[in-house]
Each structure stands twice: as structure tokens, then as C-alpha cells.
Number of protein chains: 2
Amino acid sequence: MSCRNAEQLARALPAGRRTRQRGAVLHVLLDCPDFVSAQQLHALTTADGIGVGLTTVYRTLRELEARGRVDVVRDDVGERLYRIRPFGRHRHYLVCRACGRSRPVEADAVEAWVDLIGEAAGFDAVEHTVELTGICATCRTDAPAVADDGEPL
Amino acid sequence: MSCRNAEQLARALPAGRRTRQRGAVLHVLLDCPDFVSAQQLHALTTADGIGVGLTTVYRTLRELEARGRVDVVRDDVGERLYRIRPFGRHRHYLVCRACGRSRPVEADAVEAWVDLIGEAAGFDAVEHTVELTGICATCRTDAPAVADDGEPL
DNA sequence: AATGGAAATGGTATTCATTTTCATATAGTG
DNA sequence: CACTATATGAAAATGAATACCATTTCCATT
Ligand SMILES: [Zn+2]
Ligand SMILES: [Zn+2]
Ligand SMILES: [Zn+2]
Ligand SMILES: [Zn+2]
């Protein structure tokens, strides 16, 4: 596997200690253009020969999530999928249900809306989850255009 | 348990067959002002003496979800929580992480945003999940105002 | 370089929501 | 009433995520 910008980001992640395992998870994560599950990460590190325990993978991801270095979505089964957060600010994604490819979307409008709603309701520490899924143009033309069930949410 | 408007909505739910069990689940659901889990529903119907199998509860909920008669959120553990959808249109909620109470929020802005994003990206059948959590005014004054971890998403 | 204690690791066992299976019961029609 | 597609539900399976805990490793200090 090739390394793109591991050094920069690895240095930008002031977690607890610098261990071989955390490095491995980060390394793999940095080379994943799309969302991956904990299990996939575990398999990938193993394939790399670095071998990180499943427990540690979960722990590292939770750590990263708490520090806001990854974005998290859930697939249709409820499984958590992780992706390195490109910049300081968090992002929201539009994920294709057919091929799984995702693209970040411009969500300033939503961020503003969230602040407004929270304030209006008198809530503190408001957090939000926003997920978009659909069928991308490529998959629509490839596949028989069946929406599986067709019920738009 | 008292029944509020079971008749109206029960008639408004053109599922497959009209069975005692589906009626029971609906009945309980209609009397739940806040989100409940499948397990809770199962317990409630049992407490009512109506006794609906857990399998059937799950099946009924999936049915209701497919027909858009319930809104669904996930708690922090990933567990699904259901709530009868007040009107035809789906709603989004602001849920208190401390007491669990929820209130629907005005989300037209988000609905419009979703349409825009989906169209711009050339995606079909775009679905969305929007969840807001926070600490309500009541819980803030009651509890030691600790944000648990304090990291706003 | 040696040390010591706190932090991190990871194999295994466990939890627990949700799904599958499949034998039985029932709604609804004629 | 008989008949059949449909629904039910107990039990078993699934699988992500967590708990446990003995062992290892980082790293500030001597
Ligand atoms: Zn696609
Ligand atoms: Zn956001
Ligand atoms: Zn509250
Ligand atoms: Zn919506």
C-alpha cells in the first residue's frame, strides 16, 4: 500500500501515545478514499502485516471520533463507517447505495439551521447527524434503474 | 392504558391483514408520546396482556417504516427508536440526551437543501437522515451542567 | 542505559439488538 | 365450512460492539 500524506496528518493527531498500532490504523485510514468499517480496517492492517487487534481498532476509531478527526456514517445495517475528516471542520456526505462511493456536500445551510433550532429550543451542547444516500448517475445507467423498493424516505 | 385516536389511524394504515397483534402494536405506539424501542414495545404489549411476539413487533415496525407511518432515530448505541408520524410528512426531532424527551422541529429548510444537493449531484432516490440531540433546559438546571465530554460534534 | 508505573494492546468471552427459520395458527374469501 | 395465502412466534442464528484482564509497551525520570 502506498502512503499519501500520513506524516502530516499523523503529526496532526495528538492522541495519547504514539504506538505502532495507532499508526497502522491511521495509515490505512489515510489511504481509504471512502468510508470503511472497523472490521475492514482490521482486515486491512492484518493484510499489511502490521496486525492490529480488533479491540484496538475499535478503540482507536472511538478516539478519533471523539477528537473529531473522522466523520462517521451508518450503513443500512447500522454498521459504523469511518472516514478521515479532510479539514478541521466536519463534513456531510452523499453516499451511493449501490456502489458505496461517497462525496462530501456543501452543508453550511444545515449547520446554520442546527444552531438556530438548538438555540430556539433552549438546548445545550446540540449535536447533529446528517446523512444522505441515493443512487449515483453511474449506477442508475448501469443497473436496471430499480429503486429496490422505491419508497423515497 | 388509554386509547387516544387509535381508530382513526388504525384505519389509516392499509397494511396486509388486520390482526390482533398488529392492532396491539399500533395501539401502544399511539399512546407513546416519545420514541420507543422494539423491545420496549414488546414489553408494553405484554404488560397489556395482549402479548405480541418480539418477531412480530419487529416485522410490524419494519412495515410501518416502509409505509412511512413512523419516524425512526437511533440512540447512541445504535438501537432503533420509533415514533408514530404525526402527519403525512415525515418529521425530524431534537432529542435530549439526558431525559430522552423529544420534540419535533421545523425542518423545511433541510428538506429543501436535500433536494437541492441530490439534484446537483445527479443522484436519484435520495434519502436522508437528520438527527439532533442536546441537553434540554430542564436537564441543564437539574444536572451538574457537565457536557460529559464537551466535544460538540 | 535502567527503571517503574501508567497507558495501551489484544485474545477471548459476553452482550444484546435484530434477523432467520420453520412449524403452526389464523384471516379472509367464496 | 373448507381452503389458502398470509401472519405469528419460539427458538436459534447472526454479528457488531464491548467487557475482561493478563501481558506488553511507551516514556518521563533517575
Ligand atoms: Zn453508485
Ligand atoms: Zn454538520
Ligand atoms: Zn432533558
Ligand atoms: Zn426530512
Side-chain angles (χ1 to χ4, degrees), chain A residues 10-11 13-29 35-67 69-70 72-83 100 129 131 148-149, chain B residues 10-11 13-29 35-67 70 72-83 100 129 148-149:
Chain A
R11 205 163 296 128
L13 295 175
R17 291 180 180 172
R18 211 67 47 80
T19 70
R20 181 177 53 82
Q21 291 87 338
R22 291 183 179 175
V25 172
L26 267 175
H27 196 268
V28 172
L29 212 44
F35 286 90
V36 285
S37 68
Q39 315 268 349
Q40 285 172 37
L41 283 174
H42 175 241
L44 285 173
T45 58
T46 303
D48 269 4
I50 312 168
V52 179
L54 187 56
T55 311
T56 300
V57 172
Y58 274 109
R59 258 193 303 246
T60 303
L61 288 173
R62 218 193 314 175
E63 198 92 355
L64 289 173
E65 184 181 2
R67 296 186 185 277
R69 334 286 337 188
V70 291
V72 187
V73 301
R74 281 182 191 276
D75 64 13
D76 45 10
V77 202
E79 189 179 9
R80 276 190 166 89
L81 304 179
Y82 303 83
R83 175 172 170 171
T129 299
E131 285 167 27
D148 204 282
D149 163 79
Chain B
R11 205 163 296 128
L13 297 174
R17 289 181 182 172
R18 209 67 46 82
T19 71
R20 181 176 55 82
Q21 292 88 337
R22 290 181 179 176
V25 173
L26 267 175
H27 196 268
V28 173
L29 213 43
F35 285 91
V36 286
S37 68
Q39 315 267 349
Q40 285 171 35
L41 283 174
H42 175 241
L44 286 172
T45 58
T46 303
D48 269 3
I50 311 165
V52 179
L54 189 54
T55 312
T56 301
V57 173
Y58 274 108
R59 258 192 302 243
T60 305
L61 288 174
R62 219 194 313 176
E63 199 92 354
L64 289 173
E65 185 181 1
R67 295 186 185 278
V70 290
V72 188
V73 301
R74 280 181 193 277
D75 65 11
D76 45 10
V77 202
E79 190 179 5
R80 275 189 166 88
L81 303 179
Y82 302 83
R83 177 172 171 170
T129 299
D148 203 282
D149 163 77

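- B/L61 has its CG atom 10 Å from the P atom of C/dT19, to the nearest Å.
- As rounded to whole Å, 8 Å separates atom P of C/dG10 from atom NE2 of A/H42.
- Look at CD on A/E63: it is 13 Å from P on D/dT18, rounded to the nearest Å.
- Note that CZ of B/R22 and CG of B/L29 are 14.0 Å apart. Values are rounded to the nearest 0.5 Å.
- Between the CZ atom of A/R22 and the P atom of D/dT25 there is a distance of 15 Å, rounded to whole Å.
- Residue A/R20 places none of its side-chain N or O atoms closer than 4.0 Å to OP1 or OP2 of D/dT25.
- Counting only heavy atoms from C-beta on, B/Y58 has its side chain closest to C/dT18 among C/dT18, C/dA8, C/dT20.
- Atom CZ in A/R74 sits 8.5 Å away from atom OG1 in A/T129 (nearest 0.5 Å).
- Each of B/R59 and B/L81 has a nearest nucleotide on DNA chain C; the 5'-most of these lies closest to B/L81.
- The side chain of A/Q21 contributes no N or O atom lying less than 4.0 Å from OP1 or OP2 of C/dA8.
- OP1 or OP2 of C/dG10 lies within a sub-4.0 Å distance of a side-chain N or O belonging to A/T56.
- As rounded to whole Å, 12 Å separates atom C1' of D/dT18 from atom CD of A/Q39.
- Here A/R18 does not reach the OP1 or OP2 of D/dT25: none of its side-chain N or O atoms lies under 4.0 Å away.
- A side chain to side chain contact (heavy atoms under 4.5 Å, CB included) with A/V52 holds for exactly one of A/V28, A/L41, A/V57; it is A/V57.
- The A/A38 side chain lies nearest to D/dA17 when the options are D/dA17, D/dC26, D/dG9.
- Taking 4.0 angstrom as the limit, B/T19 places none of its side-chain polar atoms (N or O) nearer than this to OP1 or OP2 of C/dT26.
- Side chain of A/R62, nearest nucleotide from C/dT9, D/dT18, D/dC27: D/dT18.
- Between the CG atom of A/L41 and the P atom of D/dA16 there is a distance of 13 Å, rounded to whole Å.
- From B/T46, atom OG1 reaches atom NE2 of B/H42 across 4.0 Å, with rounding to the nearest 0.5 Å.
- When the side-chain nitrogen and oxygen atoms of B/R17 are compared with OP1 and OP2 of D/dA5, none of them lie within a distance under 4.0 Å.
- Nucleic acid contact class of A/V77 (heavy atoms, under 4.0 Å, all strands): none.
- Rounded to a whole Å, the CD1 atom of A/I50 is 19 Å from the P atom of C/dA8.
- Taking atom CG of B/L54 as the reference point, atom P of D/dG9 lies 10 Å away to the nearest angstrom.
- When each of A/T56, A/L54, A/T55 is paired with A/Y58, the side chain to side chain contact (heavy atoms under 4.5 Å, CB included) condition holds for A/L54 and for no other.
- Listed nucleotides: C/dT18, D/dA5, C/dG10. Nearest to the side chain of B/R80: C/dT18.
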